[in-house]
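Lettering of chains follows the sequences in order, A, B, ..., and the numbering in each one begins at 1.
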Protein chains: 2
Amino acid sequence: MVKDTSTEQRIIEAARRVFMQKGMAGARMQEIADEAGINKALLHYYFRSKEKLFEHIFGEVIARISMGLKSIFEKEMGVLERLTSIVDIYVDTLMENRYLPLFVLNEMNQNPERFSSLLQENIIEHMKKLFIEIRQEAESGQIRETNPAHLLLNILGLIIFPFATYPVMQKVAPEEFRPFFNNFLEERKHEVKQFIINALTP
Amino acid sequence: MVKDTSTEQRIIEAARRVFMQKGMAGARMQEIADEAGINKALLHYYFRSKEKLFEHIFGEVIARISMGLKSIFEKEMGVLERLTSIVDIYVDTLMENRYLPLFVLNEMNQNPERFSSLLQENIIEHMKKLFIEIRQEAESGQIRETNPAHLLLNILGLIIFPFATYPVMQKVAPEEFRPFFNNFLEERKHEVKQFIINALTP
DNA sequence: GTCTATAAGTAGATAGAC
DNA sequence: GTCTATCTACTTATAGAC
């Protein structure tokens with residue numbers, strides 16, 4: 001609870017923390033108010049309802065994810081470079097916010113229509129193009145023959161899964177593993193990129 | 001709502017479905033009662049409280065996971081075989097229950113003490129032994145040099161992540177992808193095992 | 001064991017003073 | 001804008017009849 005930012009900003013940050021950790025169903029307006037150092041009435045004054053406040057937070061998160069994807073897809077580059085830059089961008093994002101993967105997966109699961117916001121920004125089109133690029137480079141022998149869907153899910157799984165489990169791991173890991181954890185997630189970058197290279201180098 | 005099983009059994013099955021999809025916080029006793037074809041009062045008659053009912057369901061799930069791990073770790077076998085049998089066991093389990101990964105990750109996240117039940121059955125000991133086995137086989141040149149922690153997380157991510165995203169994917173995938181999905185998860189078995197082999201064959 | 005009715009507690013939302 | 005007090009609705013849990 002820092003007092004030198006605007007109330008609205010403090011509410012948003014508090015809401016982000018609480019929603020991310022507890023999810024929409026588990027979050028309590030009272031807890032968000034406490035986190036922000038105000039009372040419940042003010043939450044409603046600024047955001048009218050819990051639902052509206054949640055949509056604001058979720059929207060922000062989705063926007064951030066889309067932005068990352070967009071920046072990757074807009075540039076001209078080869079498949080290998082494109083895929084490895086996904087790793088760089090998302091590992092960095094996730095290191096700053098380790099609750100993000102589970103939060104997003106959950107809330108989309110509870111309410112699949114929310115997924116559509118991600119599918120805006122013609123992500124689907126980008127994906128189709130990526131798949132085509134993969135097949136083309138495979139034909140021309142620049143990369144190895146691969147099922148693009150599996151490849152993409154592999155990469156996403158390798159990036160995201162450790163972060164999805166991290167909050168649990170970190171809390172329950174025996175004391176002697178703690179120091180090891182600090183570098184572990186950072187190492188993932190190299191680890192996953194190596195996977196991509198191994199998978200695609202002919 | 002099938003009437004030819006015992007009430008307790010119907011409650012358990014209904015609770016499993018609802019808790020798995022909505023989580024502890026999002027589940028409603030009323031919905032569980034409806035699913036089971038009874039009323040709320042009976043839920044309390046059989047399980048006293050929502051918390052108790054939840055613990056029953058969660059306990060079952062953890063027991064199932066532990067059993068799988070146990071069966072893998074108890075047999076004598078080489079590292080490669082041990083790791084690939086993890087794939088076989090868990091892909092099959094997850095195909096039957098696609099909500100399981102997110103459910104378990106979430107509930108552990110909400111309440112990390114729940115993780116301890118998994119750590120019983122000396123899973124930790126088994127892990128340590130596995131790590132030692134990996135290092136030994138690497139030294140003797142049977143498998144390639146690898147960081148065991150990364151390897152294990154890689155495997156788990158490759159197995160689990162697609163299932164964690166599946167409920168969402170399946171709901172939002174454009175119509176033309178649907179038929180493709182049916183075999184997709186089954187194909188993961190081969191896909192992930194190939195990854196392990198590539199990663200470990202010298 | 002199973003139901004209906006209801007109590008008790010909790011959480012989101014609003015009214016109104018300052 | 002911010003607060004306290006309160007309302008309303010929902011959810012878990014129990015009482016008590018059958």
Legend entry - Cation over ring face, B:Arg98 and B:Tyr166, 6.0 Å, 45°: yes
For atom [atom1] of [X] and atom [atom2] of [N], their distance in whole Å:
X       : N      : atom1 : atom2 : answer
A:Glu31 : C:dT10 : CD    : C1'   : 14 Å
A:Gln30 : C:dG12 : CD    : C1'   : 11 Å
A:Met29 : C:dT14 : CE    : C1'   : 12 Å

Legend entry - Within-4.5 Å side-chain heavy-atom neighbours: A:Ile11 and A:Phe47: yes
Legend entry - A:Arg28 side chain, from C-beta outward: closest of C:dG12, D:dT2, D:dT11: C:dG12
Is any side-chain N of the basic residue among [X] and [Y] closer than 4.0 Å to the acidic one's carboxylate O?
X       : Y       : answer
A:Glu96 : A:Arg64 : yes
B:Lys75 : B:Glu81 : no
B:Lys22 : B:Glu31 : yes

Legend entry - Candidate pair A:Asn106 and A:Gln110, rule side chain to side chain donor-acceptor pair (under 3.5 Å), full reasoning: CA-CA 6 Å; A:Asn106 268 316; A:Gln110 289 314 311; 5.2 Å; no
Inset, instruction - Select base, sugar-phosphate, or nothing to describe what A:Ala25 touches, counting heavy atoms under 4.0 Å on all strands. - result: nothing
Inset, instruction - Respond yes when some side-chain nitrogen or oxygen of A:Asn39 is under 4.0 Å from OP1 or OP2 of D:dC3, and no when none is. - result: yes
Legend entry - Nucleic acid contacts of residues 40-52 of chain B, taken as heavy-atom distances under 4.0 Å to DNA chain D: B:Lys40, B:Ala41, B:His44, B:Arg48, B:Ser49, B:Lys50
